[in-house]
Amino acid sequence: MSYALPDYLTRNARFDDCPPGHRFGLYFDGWEADWRKPSNKTPAFKTVANALPEHSRQALRALCARQRMLAGSLGDSLLTHPARLTAPLATGLGNEHPLENGFAFLTPHGLPYLAGSGVKGVLRRAAEELVKGEWGDACGWDKTGIDILFGLETEPGDTQATHTRGALSFWDLFFQPPGDKAPLLAVEIMTPHHSQYLQHDGSPHANEQPTPIPFLAVAAGSQCTLYVQCNPALIPADHAELRDGWRALIEAAIDLAGEWLGFGAKTAVGYGRLEIDPKVRAQREAEREKQERERQQREAEAALALKPADQQLLDRLTQRLDTLPTDPRTARPIPQLTSGKDWQPVLDLVGSHVAALAGL
């Protein structure tokens, strides 16, 4: 193997501690001695996949920490969605490279990433499919919400319609290996069949030999965090409900995209799937349930305040009795005084209504 670099740079250096993106690009050493492309591409891919020295891991941790710090300063205008890959993720395969299949590395760090524009495209498609009803419940999405949050797009060739910027911004997606010593990249294999039929003038048949083609992918199990930022000023006043509801909409789109659509390339065969951290999901579900209970309580209190004083007392006593210990045989509250803690709030409640009732 040879480097496409001057001899004085490579005479005493092997670049073994370079980031994977540098090994794949500037310091690629997969050329044959006569500068032909390698006939066996797998060793060159493995060299890149195994290239994640400690300083690259530190740089990756620093990039993620920088995002977290910036996210902490933006408050409610940002949605943070921790996740992990449940399948390898391929991105940038269409980039030109001597090994045929390229890969997306962030310059100048030489670390794998998925551009924010790619995240936006997948989530917009997920929202559009939810609107079409292909997955059952639309989860609150509609065509207007898509145009406001993602921006108004026009059909090819349409020069009359006005393009508008969406209210949402999508940050680049970085990946952390699943362990301190675990690799971040993996070498995957695709085996296309019927190449003579698809690329030449042959006919499809069952005896054609498949051609194994290696390519790079972010390893399954890698951790990542999706960041979606909202600019409320870009949401029209007549759709103010989106200023509070955009997070739930985006979470629904992320769930669909992560489980079924996939991020990056080769999603039709299962690549690019991710799921939210189970602990974070449980916390968010508990928070949503808490908010729903609080909303119902506010509505109940507002409805109760409109009733006469005597009806308010009866309703509050009923609510209180529903919280007292019950007889398992009759499912009714135990009538005797079980403790001052149980019945004292009832006495206080009656006392607080005495004056109002006396005036009736």
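Residue numbers run from 1 in the order of the sequence given.
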Please examine the side chains of Leu60 and Gln176, heavy atoms only from C-beta on, and report whether any two atoms are closer than 4.5 Å.
yes
So, do Asp172 and Leu114 sit near enough that their side-chain heavy atoms are less than 4.5 Å apart?
no
Quick one: pull up NZ in Lys266 and CG in Leu89 and give me the separation to the nearest 0.5 Å.
12.5 Å
Answer yes or no: is there a donor N or O on one side and an acceptor on the other, between the side chain of Lys120 and the main chain of Phe150, under 3.5 Å?
yes
Pairs flagged by salt bridge (charged side-chain N to carboxylate O under 4.0 Å, His left out) wherever residues 38-62 is involved - sequence neighbours left out:
Lys41-Glu100, Glu54-Arg61
Kindly indicate, with the supporting measurements, whether the criterion side-chain contact (heavy atoms from CB on, under 4.5 Å) is fulfilled by Thr86 and Leu274.
CA-CA 5 Å; Thr86 58; Leu274 58 80; 5.5 Å; no
Residues two or more places apart in sequence or in another chain: which of them pass ring pair (Phe, Tyr, Trp, His ring centres under 6.0 Å) with Trp246?
none
Considering only heavy atoms from C-beta outward, does the side chain of Leu168 approach that of Gln229 to under 4.5 Å?
no
Looking at CG of Asp255 and CG of Leu123, how far apart are the two atoms once the value is rounded to the nearest 0.5 Å?
10.5 Å
With ILVMFWY side chains joined below 4.5 Å, transitively, what does Leu234's cluster contain besides itself?
none
Heavy-atom neighbours of Glu285 CD exceed 12 at 6.0 Å:
yes
Taking all heavy atoms of Ser222 and all of Leu184, pick out the closest pair and write down the distance.
OG-CD1, 3.8 Å
Suppose we screen for side chain to side chain contact (heavy atoms under 4.5 Å, CB included). Which residues come up paired with Lys290, at least two apart in sequence or across chains?
Glu287, Arg293, Glu294
Residues forming a side chain to side chain contact (heavy atoms under 4.5 Å, CB included) with Trp260, sequence neighbours excluded
Trp135, Leu256
Tracing side-chain contacts under 4.5 Å among Ile, Leu, Val, Met, Phe, Trp and Tyr outward from Tyr271 reaches Leu93, Met190, Ile213, Phe215, Val269
How long is the span from the CZ atom in Arg165 to the CD1 atom in Ile148, to the nearest 0.5 Å?
15.0 Å
Between Ser77 and Asn231, is the side-chain contact (heavy atoms from CB on, under 4.5 Å) condition met? List the steps.
CA-CA 7 Å; Ser77 67; Asn231 182 357; over 6 Å; no
Between Arg298 and Glu301, does any NZ, NE, NH1 or NH2 come within less than 4.0 Å of an OD or OE carboxylate oxygen?
no
Heavy-atom pair with the smallest gap, counting every atom of Phe175 and Pro112
CD1-O, 4.2 Å
Going hydrophobic residue to hydrophobic residue with side-chain gaps under 4.5 angstrom, can you get from Trp171 over to Phe263?
no
Evaluation steps, side-chain contact (heavy atoms from CB on, under 4.5 Å), between Leu185 and Leu52:
CA-CA 9 Å; Leu185 295 172; Leu52 192 65; over 6 Å; no
Across all chains, not counting sequence neighbours, the side chain to side chain contact (heavy atoms under 4.5 Å, CB included) partners of Glu241 are His239
Candidate pair Leu79 and Tyr227, rule side-chain contact (heavy atoms from CB on, under 4.5 Å), full reasoning
CA-CA 6 Å; Leu79 169 68; Tyr227 294 98; over 6 Å; no
Would you call Lys132-Glu128 a salt bridge at under 4.0 Å N-O?
no
Donor-acceptor under 3.5 Å (Trp141 side chain, Ile146 main chain):
no
Not counting sequence neighbours, which residues clear side chain to side chain contact (heavy atoms under 4.5 Å, CB included) with Thr267? List them please.
Arg273
Closest non-hydrogen atoms of Ala126 and Ala253, given as atom of the first, atom of the second and distance, are CB-O, 3.6 Å
Qualifying ring pair (Phe, Tyr, Trp, His ring centres under 6.0 Å) pairs with a residue from residues 90-122, counting only residues at least two apart or across chains
Phe24-His97, Phe24-Phe105, Phe28-His97, Phe103-Phe105
Could you check whether any side-chain heavy atom of Leu242 comes within less than 4.5 Å of a side-chain heavy atom of Leu249, counting everything from C-beta outward?
yes
Can you check whether Lys143 reaches Asp147 side chain to side chain, under 4.5 Å on heavy atoms?
yes
For the student: nearest non-hydrogen atoms of Pro214 and Phe45, plus distance
O-CE1, 3.3 Å
So the salt bridge (charged side-chain N to carboxylate O under 4.0 Å, His left out) pairs with at least one residue in residues 79-88 (sequence neighbours excluded) are Arg84-Glu275
Identify the heavy atoms of Leu111 and Pro20 that sit nearest to each other, and give their distance.
CD2-CD, 4.5 Å
What do you reckon, is CG of Asp180 surrounded by more than 12 foreign heavy atoms closer than 6.0 Å?
no
Is it true that Glu251 and Arg288 have a side-chain N and a carboxylate O under 4.0 angstrom from each other?
yes
Answer yes or no: is there a donor N or O on one side and an acceptor on the other, between the side chain of Thr164 and the main chain of Leu152, under 3.5 Å?
yes
Same apolar cluster (I L V M F W Y, side chains within < 4.5 Å links), Ile235/Leu78:
no
Other members of the hydrophobic cluster containing Leu306, with the 4.5 Å side-chain heavy-atom rule, please.
none
Euclidean distance, Ile254 CD1 relative to Ile276 CD1, rounded to 0.5 Å:
8.0 Å
Between Cys224 and Leu173 the two heavy atoms that sit nearest each other are CB-CD1, 3.8 Å
Return the CD to CG distance between Glu188 and Leu216, rounded to the nearest 0.5 Å.
9.5 Å
Residues that, via side-chain heavy atoms closer than 4.5 angstrom, fall in one hydrophobic cluster with Ile189
none
The reported gap from SG in Cys139 to CD1 in Ile250 (rounded to nearest 0.5 angstrom) is 12.0 Å
Within a strict 4.5 Å, meaning less than it, do heavy atoms of the Val228 and His81 side chains meet?
no
